[in-house]
Each structure stands twice: as structure tokens, then as C-alpha cells.
Amino acid sequence: MPATVILGAQWGDEGKGKLVDRLAEQATWVARFQGGNNAGHTVVLGEQILKFHLLPSGITRKECHLVLGDGMVVDPWVLDSELNGWSDTTGEDPRGERLFVSERAHIILPYHRYMDSLDTKIGTTGRGIGPTYADKINRVGLRFGDVAEVLNDGEWAKATVQRMNASLDAAGSQERVSVEGLMSDIEWIHKAYHTSIGNTGLMLDNALKLGEHVILEGAQGCLLDIDQGTYPFVTSSVTSRGNASHGAGIHPGHVKDVIGITKAYITRVGHGSMPTELEDEVGNHLGTVGHEFGTTTGRKRRCGWFDAVVMRHAQRINGFTGLALTKLDVLGGLEELKICVAYELDGKEITELPSTASALARCTPIYISMPGFPEMSLSEWLAMAVHANEAGKGISVLPAAAQQYIAKLEAIVGVPCTSVGVGPDRDATIDCV
Ligand code: GDP
Ligand code: IMO
Ligand code: MG
């Protein structure tokens with residue numbers, strides 16, 4: 001079986017966790033390949049709401065092996081607390097049994113968090129992501145595979161602490177790190193993770209050669225990609241298809257399906273323009289009915305109409321083989337649905353995303369209008385999805401206006417929908433037939 005890549009096609013929070021949990025039923029491995037605990041992925045199993053920041057969302061499937069891959073930045077304390085939470089609910093400690101951390105993944109240390117806490121420009125999650133990737137690119141980062149080597153290396157610790165304190169001082173931070181603190185952190189990380197650190201790329205490659213199914217779980221979304229996103233209001237990693245196999249340590253030839261996840265509207269957390277942003281009743285409707293609050297920081301997500309300019313860009317970068325549409329239910333009750341098909345920029349109509357933040361800020365959306373469909377309760381949507389899947393009816397069970405809306409999105413993006421989400425629950429997804 002080949003690998004399947006699951007990617008956010010917008011500014012993150014499209015519902016990756018829910019889809020990965022669903023598809024992981026058919027997989028034996030789920031690997032994260034970039035980002036860190038800036039991610040917040042939600043899985044809803046009836047009354048139980050699980051939120052994952054580092055643990056791959058396939059952890060819900062007992063047969064699934066889990067990888068924190070080469071391209072990630074991992075905060076070992078956050079991982080530990082997530083693992084403790086998991087063990088409290090299930091009694092399982094998957095470390096070294098079915099959870100493996102790449103020897104190439106970089107470690108987020110307190111220093112990186114202190115540096116990130118100084119951010120006022122981007123509206124980061126404050127989790128130390130950017131500073132850890134900066135150290136990686138500067139080739140001074142600490143990787144899980146280095147931990148055993150630096151364990152008793154006082155010279156390394158001294159030089160590292162000197163470098164970190166000089167940076168903190170230059171950045172105007174009052175925080176400082178110490179040699180003793182760093183050495184004791186390294187000792188703890190070694191103790192906590194030495195059984196689970198390994199060559200995870202090789203593990204995935206071997207699994208694929210044995211015909212097993214691997215899911216590569218993206219974090220963030222295409223518009224937050226460091227190269228292809230709305231720079232500088234982006235995250236510090238490549239969130240796109242090109243990095244899915246690379247960041248997991250396997251070659252791109254293993255990948256067959258690439259599913260782009262998109263909400264039926266759009267949201268964004270943090271700074272930076274979002275041309276279709278709505279600060280009116282419709283925006284309130286989307287935020288309230290969709291419970292649009294950040295899974296990691298709890299910040300209110302900014303909401304707007306579906307933006308086809310964004311999706312065209314995401315499709316060019318990622319070549320999705322299918323779209324997973326989520327949160328269609330949230331549009332229920334709106335009389336009119338708008339889709340942004342182009343922008344007006346300095347008096348001209350454009351259909352491609354501009355590359356600079358200042359140009360994006362001057363863009364105003366050009367909309368087409370579609371009829372809305374009635375509101376329903378979450379339990380009604382859930383029942384509809386269960387019935388559609390059991391009877392093999394696909395989206396034909398949806399109101400005609402909802403089907404028209406989906407058909408329009410498919411036509412604009414040029415990619416078929418593989419599933420349509422109609423509620424947060426694992427089973428509130430209609431498989432397209
Ligand atoms: P991720 O970061 O892409 O995994 O997405 P998040 O978990 O941060 O945010 C998505 C939110 O939408 C979560 O609260 C999900 O439970 C919820 N969600 C996912 N799919 C649907 C859907 O189809 N309908 C509704 N109403 N909620 C959904
Ligand atoms: P998931 O995987 C939504 C945003 C932050 C900020 C910018 C940079 O749950 O979709 P960072 O801490 O990465 O340096 O912040 O990126 N951001 C996300 N927004 N979902 C996420 O992850 C995000 N991860 C980072 O809000 O604007
Ligand atoms: Mg999220």
C-alpha cells in the first residue's frame with residue numbers, strides 16, 4: 001500500500017485530526033512530518049473530545065504505529081504531558097512500543113520558548129517553533145539523536161548556554177538559561193525518550209515495502225507554509241506536499257493520494273490579511289456555530305467566506321487528488337452563501353494569490369452568490385451522515401442547495417470531494433461515492 005498525505009489547504013484548523021483519525025482505521029502507521037505543538041488537532045468520539053498537539057491523531061487506533069518525524073520540532077515536556085494524559089485515559093504508554101521519535105527531529109528547549117514569547121509581529125502560538133527552526137537552519141540545533149552524545153559534554157553545554165544567553169540579552173529578554181539547568185534537561189529527555197528515539201524514516205520505508213499503509217499527517221495549512229504561504233505571517237516549516245515525504249524520511253514515489261482539507265468557509269488565527277474576513281453577522285454565525293476558537297491557544301479564529309483564490313494556490317502547490325470538505329453543517333441557516341472567485345487589487349481583477357503581505361492587504365474579494373440551506377441540529381446531521389454511508393448514498397442525502405454548493409467548489413478547484421464533514425463527531429462525515 002502506498003502512503004496517503006493529509007494536508008490543510010487553508011490557514012490551518014481545517015479538521016485534519018478528525019480526518020486522520022477516520023482514515024487511520026485502514027492504516028498501520030501515522031507520521032507527523034513538520035511543525036510541533038503549534039498544531040492542535042481534535043478528534044471527537046461521542047462524548048469524548050481528544051486534542052493532540054504532538055501525538056499523531058492515529059493514536060486512537062490501537063493497531064497504528066506513530067511517528068514524530070524528521071522534519072518536526074518537538075517540545076519533550078509537552079509530549080510527556082500529552083502521553084501522561086493518554087495513559088490516564090487508556091492505561092497505555094506507547095513510548096518505544098508503537099510511538100517513535102525521529103533521531104533527526106529537533107528539540108524545543110525553554111530558551112526557544114523564551115525567544116518566541118517576545119513575538120508581537122506574527123501572532124505566533126508562543127510554543128518556541130520559529131526559534132527552534134531558526135537554530136536548525138543555523139546548524140546549531142539539538143536533535144533527539146544528539147542527546148546521548150551531549151549527555152556528559154560540559155563544554156557543549158557551556159558554549160550552548162553562552163550562545164543562548166547572548167541571544168536572549170540581545171533580544172531584550174530578562175530570561176536566562178544555566179549550564180546546570182540545560183544538563184538536567186538533557187538528562188531528563190534522555191531518560192524519558194531513549195527507548196523511543198530511532199531512525200523513523202527507515203521504519204516507514206520498511207513498512208511501505210511490506211505493503212503497509214502509511215498516513216502522513218500535516219500540520220498547519222498551505223497558507224502558513226514558510227515558502228508558499230502569506231509570508232511573513234506564516235509558520236516556520238514547509239507545510240506542503242513537497243515536504244510530506246521528505247520530512248518523514250521517505251521518497252515522494254511512495255505517495256499516491258494527497259487529500260487537501262478545506263472548511264466550507266475559511267478561518268485564520270494570528271496576524272496577517274484574510275481578504276474574505278467577515279466582521280458582521282455572518283462572521284459571528286460562522287464563529288459561534290462553528291465554535292471557532294484555537295485548539296492550541298484558545299484565541300478566537302477570524303472567519304470568512306470560502307476563498308477560491310486561496311484554494312487555487314493550494315491546489316497548484318499540492319496537486320491534491322481529493323478534497324475533504326469540512327464544516328458544511330456550519331453554513332446551515334444562512335440564506336445566501338458567497339464564494340470569493342477573484343480579488344480586486346489596485347483596480348484590476350486577479351485570480352492568483354499575490355506574494356507580498358502589503359498587496360494581499362489591498363485585495364478585496366469578488367464574490368459569486370449561491371442559495372443557502374436550512375439549519376439542522378448536530379444530531380440530525382450525524383444521523384444523515386450515518387444513513388448516507390450505510391446506504392451508500394453519498395452526498396445525495398444533502399439538501400439540493402448544499403449539493404450545488406459542493407459541486408461549485410469542486411468545479412472551481414478542479415478536484416473532486418472525497419468526503420464531506422457535517423459535524424465534529426468521528427461519524428459525522430459523508431463519504432462521497
Ligand atoms: P485541525 O488542526 O486541522 O486538526 O483542526 P482543529 O481540530 O484545530 O479544528 C477543527 C475543529 O472543527 C475541531 O473542533 C473539530 O472538532 C471541528 N470539526 C471538524 N470537522 C467538522 C465538521 O465537519 N463540522 C463541525 N461542526 N465541526 C468539525
Ligand atoms: P493546526 O495544525 C492554525 C499560526 C499561528 C500564527 C502563525 C505562526 O492545528 O492547523 P507559529 O507558532 O507556528 O510560529 O505561529 O501560524 N498557526 C496555526 N494556525 N492552526 C495551526 O495548526 C497553527 N499553527 C500555527 O496562529 O499566526
Ligand atoms: Mg488545529
Side-chain angles (χ1 to χ4, degrees), residues 6-22 32 34-45 48-54 56-57 73 75 108 112-113 115-117 119 121-134 217-226 229-237 239 260-274 286 288-302 324-332 376-378 381-382 385 419-430:
I6 310 287
L7 298 172
Q10 300 169 316
W11 274 287
D13 302 328
E14 298 89 350
K16 296 175 287 291
K18 180 186 168 198
L19 185 69
V20 169
D21 157 70
R22 191 170 168 84
R32 284 272 310 271
Q34 47 70 231
N37 56 304
N38 45 352
H41 296 177
T42 315
V43 176
V44 179
L45 312 172
Q48 197 182 17
I49 300 178
L50 302 167
K51 294 181 183 194
F52 302 118
H53 301 285
L54 285 165
S57 305
V73 290
D75 184 323
I108 300 178
H112 300 108
R113 275 184 255 119
M115 290 297 281
D116 202 15
S117 71
D119 163 71
K121 179 180 165 191
I122 308 298
T124 71
T125 59
R127 301 306 194 253
I129 307 298
T132 310
Y133 276 118
E217 175 178 3
Q220 292 79 55
C222 182
L223 275 286
L224 290 172
D225 184 291
I226 185 79
T230 46
Y231 190 87
F233 302 104
V234 292
T235 190
S236 298
S237 63
T239 60
I261 312 189
T262 169
K263 283 178 183 167
Y265 49 98
I266 202 162
T267 63
R268 179 167 200 176
V269 203
H271 305 164
S273 302
M274 182 169 86
L286 298 174
T288 313
V289 180
H291 298 289
E292 296 295 359
F293 294 91
T295 309
T296 298
T297 58
R299 289 177 293 177
K300 203 167 173 207
R301 294 178 185 141
R302 300 150 61 193
L325 189 69
T326 61
K327 301 198 118 170
L328 183 78
D329 53 297
V330 176
L331 297 182
M376 292 202 295
S377 70
L378 282 180
W381 283 110
L382 177 61
S419 65
V420 176
V422 292
D425 194 87
R426 174 190 268 176
D427 294 324
T429 295
I430 301 175

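Everything numeric here is computed off the predicted structure, so don't read it as measured data. Counting starts at 1 for both ligands and their atoms, following the listed order.
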Asker: Purely on distance, is any nitrogen or oxygen of I129 under 3.5 Å from one on ligand 2?
Answerer: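 Not met; the criterion fails.
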Asker: Among K327, K300, R299, R268, exactly one meets salt bridge (Lys or Arg N to Asp or Glu O under 4.0 Å) together with E292. Which residue is that?
Answerer: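 Exactly one pass, corresponding to K327.
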Asker: Could you grab the distance from atom CZ of F52 to atom OG1 of T42, nearest 0.5 Å is fine?
Answerer: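 F52 CZ to T42 OG1: 9.5 Å, rounded to 0.5 Å.
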Asker: How many angstroms lie between atom CG of L19 and atom CD1 of I6, to the nearest 0.5 angstrom?
Answerer: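 Reported value, rounded in 0.5 Å steps: 4.5 Å.
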Asker: Taking the side chain from K16 and the backbone from Q220, do they hold a donor-acceptor pair closer than 3.5 Å?
Answerer: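 Present.
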Asker: Mind listing the closest non-hydrogen atom pair of D13 and K263 along with its distance?
Answerer: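 Closest heavy-atom pair between D13 and K263: O-CE, 2.7 Å.
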Asker: Answer whether the closest heavy-atom distance between the side chains of R301 and V269 falls below 4.5 Å.
Answerer: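 A side-chain contact under 4.5 Å exists here.
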Asker: Taking all non-hydrogen atoms of both residues, which atom of V422 and which atom of A385 are closest, and how far apart?
Answerer: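 That closest heavy-atom pairing would be CG2-CB, 3.9 Å.
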Asker: Does any part of the side chain of L7, heavy atoms only, come nearer than 4.5 Å to the side chain of T239, both counted from C-beta?
Answerer: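 No, too far: nothing below the 4.5 Å cut-off.
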Asker: Could you list the atoms of ligand 2 found under 4.0 angstrom from a heavy atom of G270?
Answerer: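 Answer for ligand 2: 27 (O).
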Asker: Can you list the ligand 2 atoms lying under 4.0 Å from a non-hydrogen atom of A39?
Answerer: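 The list of qualifying atoms is 1 (P), 2 (O), 9 (O), 22 (O).
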Asker: Between T326 and E14, is there a side-chain donor-acceptor contact under 3.5 Å, judged purely by atom types and distance?
Answerer: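 There is no such pair (donor and acceptor under 3.5 Å, judged by atom type) between the side chains of E14 and T326.
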Asker: Considering only non-hydrogen protein atoms, determine which one is nearest to atom 20 (N) of ligand 2 and report residue, atom name and distance to 0.1 Å.
Answerer: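 Scanning the protein heavy atoms, the shortest distance from atom 20 (N) of ligand 2 goes to D13 OD1, 3.1 Å.
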Asker: Students should be able to answer this: which protein heavy-atom is nearest to atom 7 (C) of ligand 2, and at what distance?
Answerer: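 Closest protein heavy atom to atom 7 (C) of ligand 2: V234 O, 3.9 Å.
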Asker: Residues around ligand 1, heavy atom under 4.0 Å from any ligand atom, sorted by chain and number. Can you pull those?
Answerer: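 Ligand 1 is contacted, at a heavy-atom distance under 4.0 Å, by D13, E14, G15, K16, G17, K18, G40, H41, T42, V44, T295, R301, T326, K327, D329, V330, G421, V422, G423, P424.
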Asker: Indicate yes or no: at least one non-hydrogen side-chain atom of T267 is less than 4.5 angstrom from one of W11.
Answerer: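 Sidechains of W11 and T267: no contact.
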Asker: Do you know which two heavy atoms are closest between A264 and L331, and how far apart they sit?
Answerer: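 Distance-wise, the nearest heavy atoms are CB-CD1, 3.7 Å.
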Asker: Heavy atoms only: give me the nearest D225-V234 pair and the separation to one decimal.
Answerer: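 Reported closest heavy-atom pair: O-CG1, 3.5 Å.
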Asker: Should the proximity of T296 to ligand 2, defined as any heavy atom under 4.0 Å, be assigned to the side chain, the backbone, both, or neither?
Answerer: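 For T296, no heavy atom sits under 4.0 Å from ligand 2.
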Asker: When you compare ligand 2 with D116, is there at least one nitrogen or oxygen pair between them that comes in under 3.5 angstrom?
Answerer: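 So ligand 2 has no N or O lying under 3.5 Å from an N or O of D116.
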Asker: Looking only at distances, can you tell me whether any N or O atom of T235, backbone or side chain, sits closer than 3.5 Å to an N or O atom of ligand 2?
Answerer: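 Between T235 and ligand 2 (N or O atoms, distance only) the closest approach is under 3.5 Å.
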Asker: Where do T296 and N38 come nearest, in terms of heavy atoms and distance?
Answerer: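 Smallest heavy-atom distance, with atoms named: OG1-O, 3.2 Å.
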Asker: Enumerate the atoms of ligand 2 whose separation from the nearest heavy atom of K16 is less than 4.0 angstrom.
Answerer: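 Selected atoms, number and element: 1 (P), 2 (O), 10 (O).
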Asker: Using a strict 4.0 Å threshold on nitrogen-to-oxygen distance, state whether R127 and D75 make a salt bridge.
Answerer: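 Salt bridge between R127 and D75, a charged N being under 4.0 Å from a carboxylate O: no.
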Asker: Using a cut-off of 2.8 Å, find all protein N, O or S atoms closer to the Mg ion (ligand 3) than that distance.
Answerer: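 Result, waters dropped: D13 OD1, G40 O.
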Asker: Hey, does I108 have a side-chain heavy atom less than 4.5 Å from the side chain of I129?
Answerer: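 The answer is yes, as the side chains (C-beta and beyond) meet within the 4.5 Å cut-off.
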Asker: Which residue in the set V43, I261, T429 passes side-chain contact (heavy atoms from CB on, under 4.5 Å) when paired with K18?
Answerer: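 Result for side-chain contact (heavy atoms from CB on, under 4.5 Å) with K18: T429.
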Asker: Considering only heavy atoms of G12, which atoms of ligand 2 have at least one such atom less than 4.0 Å away?
Answerer: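 The list of qualifying atoms is 10 (O), 20 (N).
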Asker: Starting from atom 12 (O) of ligand 2, what is the nearest protein heavy atom, named by residue and atom, and what distance separates them?
Answerer: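 Nearest protein contact, heavy atoms only, for atom 12 (O) of ligand 2 is T125 OG1, 2.6 Å.
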Asker: Please tell me whether S57 and R22 have a donor and an acceptor in their side chains that are separated by less than 3.5 angstrom.
Answerer: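 Their side chains do not contain a donor-acceptor pair, so the 3.5 Å distance test is not met.
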Asker: Show the atoms of ligand 2 that are less than 4.0 angstrom away from any heavy atom in Q220.
Answerer: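 Once the distances to Q220 are compared, the set is 1 (P), 2 (O), 10 (O), 22 (O), 23 (C), 24 (N), 25 (C).
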Asker: Using a cut-off of 6.0 Å, state whether more than 12 heavy atoms not belonging to I49 lie near its atom CD1.
Answerer: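 It does not: I49 CD1 has 12 such atoms or fewer within range.
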Asker: Indicate yes or no: does an N/O atom of V269 lie under 3.5 Å from an N/O atom of ligand 2?
Answerer: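 Yes, V269 has an N/O under 3.5 Å of an N/O on ligand 2.
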Asker: So which heavy atom on L378 is nearest to which on P424, and how close?
Answerer: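 Looks like CD2-CD, 3.8 Å.
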Asker: Give the single entry among T295, T267, L224 that approaches atom 17 (N) of ligand 2 most closely by any heavy atom.
Answerer: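 Looking at heavy atoms only, the winner is L224.
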Asker: Determine, using heavy atoms of G221 and all atoms of ligand 2, whether some pair is separated by less than 4.0 Å.
Answerer: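 No.
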Asker: Quick one: does ligand 2 sit under 4.0 Å from the side chain of R299, the backbone, both or neither, non-hydrogen atoms only?
Answerer: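 Just the side chain.
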Asker: For the side-chain hydrogen bond (donor to acceptor under 3.5 Å, both in side chains) test, which of H53, E217, K51 pairs with H41?
Answerer: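 By the side-chain hydrogen bond (donor to acceptor under 3.5 Å, both in side chains) criterion, H41 pairs with just one of H53, E217, K51: E217.
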Asker: May I ask you to identify the nearest protein heavy atom to atom 6 (C) of ligand 2, giving residue, atom name and distance to one decimal place in Å?
Answerer: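 Checking every protein heavy atom, the shortest distance to atom 6 (C) of ligand 2 gives G123 O, 3.2 Å.
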Asker: Is R302 reaching over with its side chain to a backbone N or O of G270, donor-acceptor style, under 3.5 angstrom?
Answerer: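 Yes: the side chain of R302 pairs with the backbone of G270.
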Asker: Measure W11 to ligand 2 on non-hydrogen atoms and call it side chain, backbone, both or neither using the 4.0 Å cut-off.
Answerer: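 The backbone, only.
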Asker: Would one find an N or O of H41, backbone or side chain, under 3.5 Å from an N or O of ligand 2?
Answerer: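 So ligand 2 has an N or O lying under 3.5 Å from an N or O of H41.
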Asker: Hey, does H271 come in under 3.5 Å of ligand 2, counting only N/O atoms on both sides?
Answerer: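 No, H271 has no N/O under 3.5 Å of an N/O on ligand 2.
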Asker: Would you check whether S236 has a nitrogen or oxygen atom less than 3.5 angstrom from a nitrogen or oxygen atom of ligand 2?
Answerer: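 No, there is no polar N/O contact under 3.5 Å.
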Asker: In the protein, what heavy atom is nearest to atom 15 (O) of ligand 2, and what distance, to one decimal place, separates them?
Answerer: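 Residue, atom and distance for the closest contact: T124 CA, 3.3 Å.
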Asker: Would you mind listing which atoms of ligand 2 come within a distance below 4.0 Å of any non-hydrogen atom of A219?
Answerer: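 Near A219, the atoms of ligand 2 are 2 (O).
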